[in-house]
Amino acid sequence: MKNSFGRIALTPLLIVLFNYSLMAQEMDFETYNPKSTLVVPEHPVKRAKFPFVDIHSHQRNVNEPLILKLIGEMDEINMATMVNLSGKRFSRIGGDNNGQEYLNSMINAFNTFAPGRFIVFTNLSFAGFGEKDWKEKAVKILEEDVKNGANGLKIFKSLGLSVTDIHGKRVPINHPDLDVIWAKCGELGIPVLIHAADPAPFWEPMDSNNERWLELKLRPNRKRGANNPAPFEQIIAEQHGIFEKHKNTTFINAHMGWMANDLEKAAKHLDKYPNVNFGIAAVIAEFGRQPRAAKKFFIEYQDRILFGKDAYNKEEFYTYFRVLETEDEYFPYYKKYHAYWRMYGLGLPDEVLKKVYYKNALRIVPNIDRSLFPE
């Protein structure tokens, strides 16, 4: 059909089809998730090859039904021991809400309904930090917690970010008043699992060059300004400062200290700090996109790496097992805003797997039931 000017006139139906065709070519990043046409061997893993210790879990409000549910799922995936890092509960500013009573109740519940399957780490209350007697009280509580069954200390990322003293000033990780805590952990023979800062891109401009753009869009509260509350590099340097100063204390650097994307830097870190180990919770996607370099790193530093998951979800462990155990290619990660890329397996040797899964944890964390493991 032509109009009076001799041009083709589009009918309403053609206009609709034309506009639909244009719209079909446009979609947002969240929506684009094509099914791969790649045909390669697949070896999904739903049960770890060896019994393992999850060094990084968070379980709260523990009771019999939760414990029995966890034990059932742990047996399915071959998790012999779960380390619960959330031994206490605090208010957002670090106040202690009956922390010791909560911790003791949790340990008693685990020992009653699943003896030998759970290890609990205590936590540090920063309420009243800066008062003259804070150090003395904190050390006394730490000693009591260990006596009552805590087997490590977990430091949350709030230290260095949101924890403030009685004057409202940010408390840096290497604050001198904390030296007695790190030293006491060394004396007591318990490890300190410490999470510092957030991924560096959270401090960078949120634009097309930011690899964490999607996460920041979906979780805008995670975006930080250059000095909110301090530069990324400064917070990390504060953490490294306590590693250097307290050589007799064993530290587990959570999330590989945000160095899993730079294994050369990670190697230098372990070389420099022989008292530091890496937990791999929440960074498995970094290894899955650099399988050759990651395999080399795991083999070279096999005595310094501990398995961990962080947020508990039984099905998400499958990806960890597949990355570590198989040589599969181009398989999906489970959370697009953490990794929009595909995974490749490292195919680690059995002896390395055993160390990562349980041997290193048995050496570092006291009172894990060794009878749960093959050797």
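All values reported here derive from a predicted model rather than from experimental measurement.
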*Each residue besides L38 in its hydrophobic cluster should be listed here, by chain and number; the cluster joins Ile, Leu, Val, Met, Phe, Trp and Tyr at side-chain heavy-atom distances under 4.5 Å.*
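Its cluster mates, by chain and number, are V40, Y330, Y344.
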
*Quick one: do I119 and F110 satisfy side chain to side chain contact (heavy atoms under 4.5 Å, CB included)? Show the steps, please.*
CA-CA 9 Å; I119 291 288; F110 281 141; over 6 Å; no

Checking [X] side chain against [Y] main chain: does a donor-acceptor pair fall under 3.5 Å?
| X | Y | value |
| --- | --- | --- |
| N360 | L306 | no |
| D328 | H43 | yes |
| W182 | V192 | no |
| H255 | G257 | no |
| W203 | A230 | yes |
| R117 | N111 | no |
| N313 | A311 | no |
| Q290 | E286 | yes |

Looking only at heavy atoms, which two atoms of [X] and [Y] are closest? And how far apart?
| X | Y | answer |
| --- | --- | --- |
| C185 | L153 | SG-CD2, 3.7 Å |
| V62 | A109 | CG1-CB, 4.2 Å |
| G87 | V120 | CA-CG1, 3.8 Å |
| L124 | A138 | CD1-CB, 4.2 Å |
| A260 | V283 | CB-CB, 3.9 Å |
| Q59 | Y312 | NE2-CB, 3.5 Å |

Does this structure show an ion pair linking [X] with [Y], if we count only N-O contacts that are shorter than 4.0 Å?
| X | Y | value |
| --- | --- | --- |
| E204 | R212 | no |
| K140 | E143 | no |
| E264 | K268 | yes |

Rounded distance [0.5 Å steps], [atom1] in [X] versus [atom2] in [Y]:
| X | Y | atom1 | atom2 | answer |
| --- | --- | --- | --- | --- |
| M82 | L70 | CE | CG | 5.0 Å |
| D145 | I190 | CG | CD1 | 8.5 Å |
| N61 | R89 | CG | CZ | 6.5 Å |
| L103 | M106 | CG | CE | 7.0 Å |
| H338 | E211 | NE2 | CD | 12.0 Å |
| I181 | I155 | CD1 | CD1 | 8.0 Å |

Residue pair [X] / [Y], side-chain donor-acceptor N/O under 3.5 Å:
| X | Y | result |
| --- | --- | --- |
| Q234 | N227 | no |
| S105 | N108 | no |
| H246 | N275 | no |
| Y357 | E325 | yes |

_Could you see if M74 belongs to whatever hydrophobic cluster contains L68? Use Ile, Leu, Val, Met, Phe, Trp, Tyr and a side-chain cutoff under 4.5 Å._
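In one cluster: no.
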
*Do I166 and W134 share a hydrophobic cluster, counting only Ile, Leu, Val, Met, Phe, Trp and Tyr and linking them when any side-chain heavy atoms are less than 4.5 Å apart?*
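No, because I166 and W134 fall into different hydrophobic clusters, even though each may have its own neighbours under 4.5 Å.
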
In the structure I gave you, are the side-chain heavy atoms of [X] and [Y] within less than 4.5 Å of one another anywhere?
| X | Y | value |
| --- | --- | --- |
| I252 | I55 | yes |
| L193 | F156 | no |
| M259 | N253 | yes |
| V365 | P191 | yes |
| M343 | R322 | no |
| T326 | F321 | no |
| V163 | F129 | no |
| L362 | F373 | yes |

*Who are the side chain to side chain donor-acceptor pair (under 3.5 Å) partners of D271, not counting sequence neighbours?*
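D271 satisfies side chain to side chain donor-acceptor pair (under 3.5 Å) with Y301 only.
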
Identify every side-chain donor-acceptor pair in residues 44-54 under 3.5 Å, counting partners at least two apart or on other chains, and give the distances.
residue, atom, partner, partner atom, Å
R47, NH1, D75, O, 2.6
R47, NH1, E76, O, 3.3
R47, NH2, N78, OD1, 3.3
K49, NZ, D350, OD1, 2.6
K49, NZ, D350, OD2, 3.3
D54, OD1, H56, N, 3.1
D54, OD1, K309, N, 3.1

_Could you work out, with salt bridge (Lys or Arg N to Asp or Glu O under 4.0 Å) as the rule, every residue matching R304, not counting sequence neighbours?_
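Salt bridge (Lys or Arg N to Asp or Glu O under 4.0 Å) list for R304, sorted by chain: empty.
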
_Contacts of E351 that satisfy salt bridge (Lys or Arg N to Asp or Glu O under 4.0 Å) - sequence neighbours left out_ =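 Listed in chain order: K359.
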
*Which is it for F297 and L270 under the side chain to side chain contact (heavy atoms under 4.5 Å, CB included) test, yes or no, and what are the steps along the way?*
CA-CA 11 Å; F297 179 85; L270 293 181; 4.1 Å; yes

*Listed once per pair and sorted, the salt bridge (Lys or Arg N to Asp or Glu O under 4.0 Å) pairs that draw on residues 147-169, sequence neighbours left out*: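 Qualifying pairs, neighbours excluded: K157-D198.
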
*Where do T112 and E64 land on the side chain to side chain contact (heavy atoms under 4.5 Å, CB included) test, with the steps shown first?*
CA-CA 9 Å; T112 299; E64 181 181 3; over 6 Å; no

*Do the rings of Y334 and Y320 sit parallel, tilted or perpendicular, given the 30° and 60° boundaries?*
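Y334 and Y320: parallel rings.
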
*How are the rings of Y273 and H269 set to each other: parallel, tilted or perpendicular (split at 30° and 60°)?*
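It falls in the perpendicular class, over 60°.
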
*Verify whether the ring centers belonging to F307 and Y358 lie closer than 6.0 Å.*
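Ring centres of Y358 and F307 not closer than 6.0 Å.
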
*asked:* Is the distance from the ring center of F298 to that of F287 below 6.0 Å?
replied: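 Yes - the distance between ring centres of F298 and F287 falls below the 6.0 Å cut-off.
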
_Using the rule side-chain hydrogen bond (donor to acceptor under 3.5 Å, both in side chains), only one of K223, K336, R222 pairs with E215; which is it?_
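So, applying the side-chain hydrogen bond (donor to acceptor under 3.5 Å, both in side chains) to E215 and each of K223, K336, R222, only R222 qualifies.
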
*Decide yes or no on side chain to side chain contact (heavy atoms under 4.5 Å, CB included) for K88 and I141, but give the supporting numbers first.*
CA-CA 12 Å; K88 293 187 176 180; I141 291 173; 3.3 Å; yes

*Tell me, yes or no, whether the heavy-atom count around E136 atom CD, taken from other residues, nucleotides or ligands under 6.0 Å, exceeds 12.*
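Open.
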
